[in-house]
Amino acid sequence: MRNRFKYYTWCALNDERTSPEHRKLDGKKFALLPEYETKEIPYLEIYPGSEHLCRCFMDPDFDNM
């Protein structure tokens, strides 16, 4: 995965079970690893789907590899 893409967009389902925190992240772009972080694209220590019962997923940005 590391060699395939550097950035992703956070995708939340945005239904009644989506947490307010993840709803705020929906549609925003993030760096996959800390070394890919830029001023415009931050790195998060959590990933979509990594928290308990989270149904969010990442949409890889293959355009900016």
> When rounded to the nearest 0.5 angstrom, what distance separates OG1 in Thr9 from NZ in Lys29?
Replying inline: 5.5 Å
>> Quick one: does any side-chain atom of Glu37 pair with a main-chain N or O of Tyr43 as donor and acceptor, under 3.5 Å?
In response: yes
> For Pro42, does its backbone N or O pair with a side-chain atom of Tyr36 as donor and acceptor, under 3.5 Å?
Replying inline: no
> Looking at OH of Tyr7 and CG of Asp63, how far apart are the two atoms once the value is rounded to the nearest 0.5 Å?
Replying inline: 13.0 Å
> So which heavy atom on Cys11 is nearest to which on Asp59, and how close?
Replying inline: SG-CB, 3.7 Å
> Can you name the salt bridge (charged side-chain N to carboxylate O under 4.0 Å, His left out) partners of Lys28, sequence neighbours left out?
Replying inline: none
>> Clusters formed by hydrophobic residues whose side-chain heavy atoms approach within less than 4.5 Å: which one holds Leu13, and what are its other members?
In response: Phe57
>> Considering only residues two or more places apart or on different chains, which pairs with a residue in residues 44-55 satisfy side chain to side chain donor-acceptor pair (under 3.5 Å)?
In response: Asp15-Arg55, His22-Glu51
> Taking all atoms of both residues into account, what is the closest heavy-atom pair of Pro48 and Cys54, and its distance?
Replying inline: C-SG, 4.5 Å
> Would Asp61 and Lys6 satisfy salt bridge (Lys or Arg N to Asp or Glu O under 4.0 Å), going step by step from the backbone distance to the final call?
Replying inline: CA-CA 7 Å; Asp61 181 0; Lys6 295 181 180 180; over 6 Å; no
> Angle class for the Phe30/Tyr8 ring planes (parallel below 30°, perpendicular above 60°, tilted otherwise)?
Replying inline: tilted
>> Would you compute the distance between atom OG1 of Thr18 and atom CG of Asp26 and round it to the nearest 0.5 angstrom?
In response: 8.0 Å
> If you measure from CG on Leu32 to CG on Leu44, what distance do you get to the nearest 0.5 Å?
Replying inline: 11.0 Å
